[in-house]
Each structure stands twice: as structure tokens, then as C-alpha cells.
2 protein chains.
Amino acid sequence: MFTLSEENYLKAIYHLELDTVKGVSTNAIAKKLETKASSVSDMIKKLSEKDVVVYKKYKGVTLTVFGKKIAASIVRKHRLWEVFLVEKLNFSWDEVHDVAEQLEHIKSPKLVNQLDIFLGFPSHDPHGDPIPDKDGDLKTIEKSLLSTLEKNETGVCVGVNDSSSEFLKFLDKKEITLGKQIRVLEKEDFDDSLSIQIDGKKLSISNKIANNLYVQKS
Amino acid sequence: MFTLSEENYLKAIYHLELDTVKGVSTNAIAKKLETKASSVSDMIKKLSEKDVVVYKKYKGVTLTVFGKKIAASIVRKHRLWEVFLVEKLNFSWDEVHDVAEQLEHIKSPKLVNQLDIFLGFPSHDPHGDPIPDKDGDLKTIEKSLLSTLEKNETGVCVGVNDSSSEFLKFLDKKEITLGKQIRVLEKEDFDDSLSIQIDGKKLSISNKIANNLYVQKS
DNA sequence: ATATATTTTTAGACAAGACTAAAAATATTA
DNA sequence: TAATATTTTTAGTCTTGTCTAAAAATATAT
Ligand SMILES: [Mn+2]
Ligand SMILES: [Mn+2]
Ligand SMILES: [Mn+2]
Ligand SMILES: [Mn+2]
């Protein structure tokens, strides 16, 4: 059994491993968890005692197969709960994350299974992120940042890179929601801003936005 | 804000106060929480610092109005989650308690409200216990132990006194569920056992069972 | 009323998890 | 390669919540 704190470390390492080739650095973990590197050092020792990470002093850390399973199960719970909150309890997609951070630590295999059934086996959470299956595997769809699309290319909104409440609310205001089709009308070299077509309307989009929105090219 | 531990102490005191006239004793709390009296002593000091209990050395402890509100909100969450698990996720009534013990500590006012709405504002949990309203008030119905019914009296099953998994499973086996009508056919002086009629069938019930089943006289 | 039993509190210790400051290792730059 | 900068670990401290053992207060029985 893992403590709340251990689970949060495992999840952080899991997410960091997704975009690092080498082991995850102490500093990266500290930054993600808003804690101090010394605290991370301490915890890593405990986690490697429990055989969920491989740890070599000064060399960063890697999840073991077992550790990855644990981490994926927490991510699975997080995302299932987010779906529940949006689909069943009328939360909007910018309100769910903090509650899911709490709910992901509830320990009950039956609860997770039944929730999965109740929600109709969702494959993605409200932010377009894939939900790991029971074995911790996730099927990744190929998605591209909107900023990588060329002029006249089109794609369907499938996810966000930044899922902060601020960004999500901004998208709501602009009526950019997952599932909608976007066509790039113009790319400005000057500031890398985009002119896009969505819902038949023309919209101007800064580079910062285009860098945080995923589309599936179509 | 209160820690997990503090919340559990408040809830324990809340429950113990319901069947004690005087202050709740250190020992009673220790027994309920399966901890040591010395630990209770320590925690009580912290709780009285936070103005949720009134504490006089050696004199037992009482919840303040504020403390009772906190405790009731936890009980409210516990019971709402139990309803959710039974009504929506196909848990049986003997499986929900441990999961609800975890879920009751999730902090999100919106979650509780929306859950309440989603469940249709239930007034009682799967064990027949009343769900405190937003202000922490609960409307108690008058219920009596089955063992207090006289020969030929009838009542409707409305709750259990013992909500252990063992007892609940036993009731399931005998097909005694909340809402069913029971008539006392015979009372044995010898061992205080009962002969009852339920679902048109005759059933023999030990005193231990009759002492743990609540009915509303009809 | 005094002796005995029970309950409650205090004193002191420990584990988990975090922090600061300083030392050690590694990386970068000249 | 040597000097400097950065990262990581260690050492020592703190808080929370728990425990055991012993002291103090209260309750019960003779
Ligand atoms: Mn999230
Ligand atoms: Mn998400
Ligand atoms: Mn319960
Ligand atoms: Mn209940």
C-alpha cells in the first residue's frame, strides 16, 4: 500500500517520464510537486526501497514496471473521475482537476470498475487525455499542436496542452471545444499568430494559444 | 481547514454524543477510533484550540456549534456517497461503508451539492440512517427496535442498529430489506426470540437480530 | 473514610514527510 | 584542464499524529 505522498510522487514521475528519454531528475520532480529537491531525494530513497523506482545517486530516477502500473492506475482514476464530474455532475472542464486530485487516491478496485462501467468505458477525459485501461496501457492517438498546421490544413480539436483553468475558460469564451473542426486560413510570420475558421466563423489566434491546443489532422 | 485525523475525531465525537447525555469520555473516543486514550487526550487539546470542542480536563468533551456543523457535513458526505454507491454503482449495502469512509473526506462544496441533486435529494442512506441537510440538521423519524414490538404488532423495516457487513449479509440471506412490513406472530419468553411474518412467510428471529433491526410501527 | 480500581493526563519517544543550510558530485565555461 | 555554476545529497530540525509508561485525578467498594 502506498501513502498519499508516495502516490503523488509516482504520478509526477510517470508524467515526467512521458517527455524525457533519460531518468527523471530530482529537480524536475521538485518543480512539478512544488517541493524542495532535498525532500525529493528523501522520498526517492523510500520509493526505491519499495521497488517502484530504480534509483542511482545523482543519476535520476525511473519507474519500474510495477511502479508504472501503480502510477497508471492513479492516472486512470483521476481521468475517470474527471469524466464523471463533467458528464454526471455538471462540472465544467476547468473545475474538475482539483477535485480529481483528491478522488484519485480513493482505494477501491470495485469503485473504479463500476465507475468505468457507469460512464460507458470512456477512452478520454474532458481535456482529451487518454484514460489508461485496467492494465495501465493507453492507446495514444496521433495529435499535433495547432501551431504545426500549415495554411489551409484542417484538423479536429482533440486536446489541450495547458489545462489550467485560465486557458480552458478562455477556450470556452472563444467557443473552442473538443470535437470541433478548425481550418488554418492564414499564418502570420511576424508574430506566429493564426487566422482560423471554426464553426464557419473566422477567428484570430495568438501563437500561445495555438501552442496549447491539439488537433488531429484531417 | 481540518486534517483527515481531526475530521475522524469530530465524527466520532458526533456519533458518541448522540447517545450520551454528558460529555463524551476520552476512553469512549479511543475505543471508537481504535486508538489510545493518550492520543485522544492530545488531539482533544488541538481540537479545543480550534474551537470545535469544549474541553475541561478529566470532564469529557462536547462539540461546539461550529464543531457539530463540521461533523454533520462529514456524516452528510458519508451517507450521500453510500447512496451513490448503492444506487448508481451497484454496490450492495454491506460493501459501501469502507469506501464512504474515504470519500467523506473529499473537500468540494460543489461536489456535495451536485451529488445531492444527482441522487434526487435522498433523505436516508442505504442503512436507513438520515442524511443531514446543508445546515447539518437531520429530521429523525421515530423508529423502534423490532424487539420492542408486542405480539401482533406490525412495523415497516426502516433501519439497522448494527451495520456490520456480517449482519447486513445475514439480512440479505433472510430477504429482510428496508421497506418491508413485519408482523410479530409470537414472542418466546425463554430466549426472547421472535416468530415474525414477512413477505407472507413465517420466519424465526433470534433476540440478537431483533435488537439490531429498526421498524416504524404501523 | 480509606483503600483499591479505573480513567485520564503527562512525559518522552518515534516515524513520516517536509524544510534550511551546507557539503558533495556533476556540468559548463573559459 | 582549471575555475565556476548547477544539481543533488546529506545533516540536522520541525510538525503531526501516534505510542508506552508513569503520574495524577476520579470513581468505587469495603
Ligand atoms: Mn486533471
Ligand atoms: Mn484531465
Ligand atoms: Mn457507513
Ligand atoms: Mn450508512
Side-chain angles (χ1 to χ4, degrees), chain A residues 1-14 16-17 19-63 67 70-71 74 101-102 104-105 107, chain B residues 1-14 16-17 19-63 67 70-71 74 101-102 104-105 107:
Chain A
M1 210 46 103
F2 296 87
T3 66
L4 181 83
S5 205
E6 288 169 341
E7 289 193 348
N8 282 331
Y9 274 93
L10 286 175
K11 191 166 55 108
I13 297 166
Y14 177 88
L16 290 167
E17 259 191 353
D19 33 49
T20 338
V21 196
K22 327 206 58 180
V24 179
S25 77
T26 303
N27 248 11
I29 298 170
K31 184 181 263 183
K32 175 145 257 188
L33 292 178
E34 297 179 278
T35 184
K36 296 295 149 78
S38 54
S39 306
V40 175
S41 253
D42 287 346
M43 180 57 91
I44 283 174
K45 275 175 219 151
K46 290 172 202 158
L47 291 176
S48 77
E49 285 287 304
K50 290 191 164 194
D51 293 316
V52 282
V53 300
V54 172
Y55 167 60
K56 276 226 188 112
K57 272 189 197 174
Y58 295 98
K59 289 298 176 198
V61 78
T62 327
L63 289 175
I70 306 282
I74 299 165
E101 287 285 300
Q102 301 177 60
E104 72 191 5
H105 301 289
K107 285 164 187 66
Chain B
M1 211 46 104
F2 295 87
T3 66
L4 181 83
S5 203
E6 288 169 340
E7 289 193 348
N8 282 331
Y9 274 93
L10 287 174
K11 192 166 55 108
I13 297 166
Y14 177 86
L16 289 168
E17 260 191 353
D19 34 48
T20 339
V21 197
K22 328 206 59 179
V24 178
S25 77
T26 304
N27 248 11
I29 299 169
K31 184 181 264 181
K32 175 145 256 187
L33 293 178
E34 295 179 277
T35 183
K36 296 295 149 79
S38 55
S39 305
V40 175
S41 252
D42 288 345
M43 180 56 91
I44 283 175
K45 275 174 220 152
K46 290 171 201 156
L47 292 176
S48 78
E49 286 287 304
K50 290 191 164 194
D51 293 316
V52 283
V53 301
V54 172
Y55 167 59
K56 277 227 187 108
K57 272 188 195 173
Y58 295 98
K59 291 297 176 197
V61 78
T62 327
L63 290 174
I70 306 283
I74 300 164
E101 287 286 299
Q102 300 177 61
E104 72 190 3
H105 300 289
K107 284 163 187 67

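Order of the sequence lines sets the chain letters (A, B, ...), proteins ahead of strands, with each chain counted from 1.
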Say you draw a straight line from [atom1] of [X] to [atom2] of [Y]; how long is it, rounded to the nearest 0.5 Å?
X	Y	atom1	atom2	answer
A:Lys32	A:Asn27	NZ	CG	14.5 Å
A:Asp42	A:Tyr9	CG	OH	8.0 Å
A:Ser48	A:Lys56	OG	NZ	12.0 Å
B:Met43	B:Ser38	CE	OG	12.5 Å
B:Lys31	B:Leu16	NZ	CG	10.5 Å

Both A:Leu4 and B:Ser25 contact DNA chain C. Taking the nearest nucleotide for each, which residue is further toward the 5' end?
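The residue whose closest nucleotide sits nearer the 5' end is B:Ser25.
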Look at the side-chain N and O atoms of [X] and state whether any lies under 4.0 Å from the OP1 or OP2 oxygen of [N].
X	N	answer
B:Ser5	D:dT16	no
B:Thr3	D:dT16	no
A:Tyr9	C:dA18	yes

Send over the distance from [X] [atom1] to [N] [atom2], rounded to a whole Å.
X	N	atom1	atom2	result
A:Asn27	C:dA25	CG	P	18 Å
B:Lys22	D:dT26	NZ	C1'	12 Å
B:Leu10	D:dG17	CG	P	12 Å
B:Met1	D:dT16	CE	P	16 Å
A:Glu49	C:dA16	CD	P	11 Å
A:Ile29	D:dT8	CD1	C1'	12 Å
A:Lys36	D:dT13	NZ	C1'	15 Å
B:Met43	D:dT15	CE	C1'	12 Å

Heavy-atom nearest pair, B:Ser41 first then B:Thr26, reads N-CG2, 4.2 Å
Apply salt bridge (charged side-chain N to carboxylate O under 4.0 Å, His left out) to B:Lys107 and list each qualifying residue two or more places apart in sequence or on a separate chain.
B:Glu7
Using a strict threshold of under 4.0 Å (side-chain N to carboxylate O), is an ion pair present between B:Lys22 and B:Glu17?
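Looking at B:Glu17 and B:Lys22, the cut-off is not met.
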What's touching nucleotides 9-12 of chain D from the protein side, N or O pairs under 3.5 Å?
unit_1: D:dT9; atom_1: OP1; unit_2: A:Tyr55; atom_2: OH; d: 2.9
unit_1: D:dT9; atom_1: OP1; unit_2: A:Tyr58; atom_2: N; d: 3.0
unit_1: D:dT9; atom_1: OP2; unit_2: A:Thr26; atom_2: OG1; d: 2.9
unit_1: D:dT9; atom_1: OP2; unit_2: A:Ser41; atom_2: OG; d: 2.6
unit_1: D:dT9; atom_1: O5'; unit_2: A:Ser41; atom_2: OG; d: 3.3
unit_1: D:dT10; atom_1: OP1; unit_2: A:Lys57; atom_2: NZ; d: 2.5
unit_1: D:dT10; atom_1: OP2; unit_2: A:Lys45; atom_2: NZ; d: 2.8

Between the two ends of the helix from C:dA1-D:dT30 to C:dA30-D:dT1, what is the bend in degrees, rounded to 10 degrees, where each end axis spans five pairs?
0°
Among B:Lys50, B:Lys46, B:Lys11, the one residue meeting salt bridge (Lys or Arg N to Asp or Glu O under 4.0 Å) with B:Glu6:
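Only one option passes, and that is B:Lys50.
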